[in-house]
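What follows is a single structure, written as structure tokens, with notes after it.
Atom set for the values below is all heavy atoms of this structure, side chains included, hydrogens, waters and symmetry mates excluded.
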Amino acid sequence: FLPGAMRAGLWCQAVCFASAALRLRDDGTFRVVQFADLHFGENEDGTWGPKQDLESLALLREVIKLEDPDLVVFTGDQLTGNNIRS
């Protein structure tokens, strides 16, 4: 996976909570945060790509911390395949 994601502590949470039961909060609410089309891995060998990935991971962590969601959903294209070597 992405080394930056591992350092940011995001990888395990995505896997570990897959089997957890979803429950409403005591006040009857359920908060969802959705991240879409992050396109990690763009310009992998360039100057802006890796920096952008680390900044995106920092923002993800901050949003999750501030919003305190019950469920985080990743939709769309999370990885970019343009730089895949055969």
Side-chain angles (χ1 to χ4, degrees):
F1 195 63
L2 296 170
M6 299 283 276
R7 283 193 302 271
L10 294 174
W11 175 244
C12 182
Q13 284 115 0
V15 174
C16 295
F17 291 127
S19 63
L22 302 178
R23 302 193 191 291
L24 296 177
R25 295 176 183 216
D26 291 339
D27 65 0
T29 62
F30 187 83
R31 185 172 296 188
V32 177
V33 169
Q34 178 184 11
F35 297 104
D37 297 305
L38 297 171
H39 294 274
F40 284 107
E42 287 186 354
N43 194 30
E44 177 183 17
D45 296 325
T47 56
W48 61 266
K51 182 177 185 293
Q52 177 176 286
D53 287 351
L54 291 174
E55 289 173 353
S56 294
L57 288 170
L59 181 61
L60 290 174
R61 288 185 67 145
E62 189 66 19
V63 168
I64 291 169
K65 183 175 127 185
L66 291 172
E67 293 296 330
D68 188 30
D70 301 299
L71 177 66
V72 178
V73 179
F74 293 87
T75 60
D77 300 328
Q78 302 309 312
L79 301 175
T80 296
N82 297 345
N83 301 328
I84 294 177
R85 295 171 184 86
S86 53

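- For Arg25, the side-chain hydrogen bond (donor to acceptor under 3.5 Å, both in side chains) criterion is met by Asp70, not counting sequence neighbours.
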Which atom pairs, one a donor and one an acceptor, fall under 3.5 Å between side chains of residues 31-40 and the rest of the protein, sequence neighbours left out?
{"unit_1": "Arg31", "atom_1": "NH1", "unit_2": "Glu67", "atom_2": "O", "d": "2.7"}
{"unit_1": "Gln34", "atom_1": "NE2", "unit_2": "Thr75", "atom_2": "OG1", "d": "2.7"}
{"unit_1": "Asp37", "atom_1": "OD1", "unit_2": "Asp77", "atom_2": "N", "d": "2.8"}

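- Following chains of ILVMFWY side-chain contacts shorter than 4.5 Å, one cannot reach Leu66 starting from Val63, and the two form parts of different hydrophobic clusters.
- In this structure, Asp26 places its CG atom where only 12 or fewer heavy-atom neighbours from other residues, nucleotides or ligands lie under 6.0 Å away.
- The CG atom of Leu57 sits 10.5 Å away from atom CD of Glu55, with the distance rounded to the nearest 0.5 Å.
- Residues satisfying the side-chain hydrogen bond (donor to acceptor under 3.5 Å, both in side chains) test with Thr47, not counting sequence neighbours, are none.
- Taking all atoms of both residues into account, the shortest heavy-atom contact from Pro50 to Asn43 is CD-O, 3.6 Å.
- Summarising the geometry, atom CG belonging to Leu54 is positioned 12.5 Å from atom CG belonging to Leu59; distances are rounded to the nearest 0.5 Å.
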